[in-house]
Amino acid sequence: SALQEVIRSGTGYAASSLKRTDLAGKTGTSDDFKDAWFIGFNSDLVASSWMGYDQPKSTHEHGAQAALPMWIEFMGTALKNQPSHT
């Protein structure tokens with residue numbers, strides 16, 4: 001339930017735009033903003049998105065800013081016409 005709260009009212013709130021009740025996930029940002037990610041799932045699918053550089057340098061962004069929009073776009077397509085599992 002803690003990972004569901006990330007979507008309901010936490011750093012992953014933008015994923016609520018998918019209008020699904022079965023999503024959960026976690027945003028992440030490494031020290032010095034070198035990596036940003038979001039890992040999210042429902043009972044059918046787990047997907048992660050990551051943003052960073054092969055040669056480490058700052059992205060200047062948090063996971064919710066950099067990685068979450070990519071995840072939302074992917075999951076929106078992947079779960080289209082699939083029922084929510086509550």
Side-chain angles (χ1 to χ4, degrees):
S1 67
L3 296 178
Q4 289 172 322
E5 266 316 297
V6 171
I7 305 289
R8 286 188 204 130
S9 62
T11 56
Y13 181 76
S16 65
S17 67
L18 295 173
K19 303 203 183 315
R20 297 185 62 96
T21 59
D22 61 341
L23 298 176
K26 182 71 177 93
T27 59
T29 308
S30 65
D31 291 342
D32 299 324
F33 300 94
K34 290 180 181 164
D35 297 284
W37 67 88
F38 184 82
I39 299 172
F41 62 95
N42 75 357
S43 60
D44 295 321
L45 182 63
V46 176
S48 63
S49 57
W50 169 84
M51 179 176 230
Y53 295 99
D54 292 337
Q55 300 301 318
K57 64 180 179 177
S58 180
T59 64
H60 303 287
E61 295 188 90
H62 295 277
Q65 298 167 313
L68 182 55
M70 293 183 288
W71 185 89
I72 292 168
E73 185 174 340
F74 171 80
M75 290 296 271
T77 300
L79 297 176
K80 186 176 184 176
N81 300 321
Q82 300 297 315
S84 276
H85 302 286
T86 55

In this structure, would Ile7 and Met75 fall into the same cluster of hydrophobic residues linked by side-chain contacts under 4.5 Å? yes
Distance alone, cut at 3.5 Å: any donor-acceptor contact between the side chains of Ser9 and Glu5? yes
Name the one of Asp22, Leu23, Leu3 that satisfies side-chain contact (heavy atoms from CB on, under 4.5 Å) with Phe41? Leu3
Closest approach of Gln65 to His60 (non-hydrogen atoms, all atoms of both residues): OE1-O, 4.4 Å
On a heavy-atom basis, which atom in Ala47 and which in Phe74 lie closest, and how many Å separate them? CB-CE2, 3.8 Å
Check Ile72 against Ser17 and note the closest heavy-atom contact, atom names and distance. CG2-OG, 3.9 Å
In this structure, CZ of Phe38 is separated from OG1 of Thr11 (nearest 0.5 Å) by 7.0 Å
Closest non-hydrogen atom pair, His62 against Phe33: CE1-CE2, 3.3 Å
For Ala66 against Ala36, the heavy-atom pair lying closest together: CB-CB, 4.0 Å
Interatomic distance, Met51 atom CE to Leu68 atom CG [nearest 0.5 angstrom]: 12.5 Å
Residues passing the side-chain hydrogen bond (donor to acceptor under 3.5 Å, both in side chains) test with Glu73, sequence neighbours excluded, are none
Side chain to side chain donor-acceptor pair (under 3.5 Å) between Asp44 and His85: does it pass, once the steps are laid out? CA-CA 9 Å; Asp44 295 321; His85 302 286; 2.6 Å; yes
Do Trp71 and Leu45 belong to the same hydrophobic cluster, where Ile, Leu, Val, Met, Phe, Trp and Tyr are linked whenever their side-chain heavy atoms lie under 4.5 Å apart, directly or via other members? yes
Any side-chain to backbone donor/acceptor pair from Thr29 onto Gly63? Under 3.5 Å, distance only. yes
Within the side chain of Ser58, is there an N or O that forms a donor-acceptor pair under 3.5 Å with the backbone of Asp32? yes
Taking atom CG of Leu79 and atom OG of Ser84, what is their separation to the nearest 0.5 Å? 8.0 Å
Rounded to the nearest 0.5 Å, the NZ atom of Lys34 sits from the OH atom of Tyr53 at a distance of 13.0 Å
Least distance between heavy atoms, Arg20 atom then Gln82 atom: NH1-O, 2.8 Å
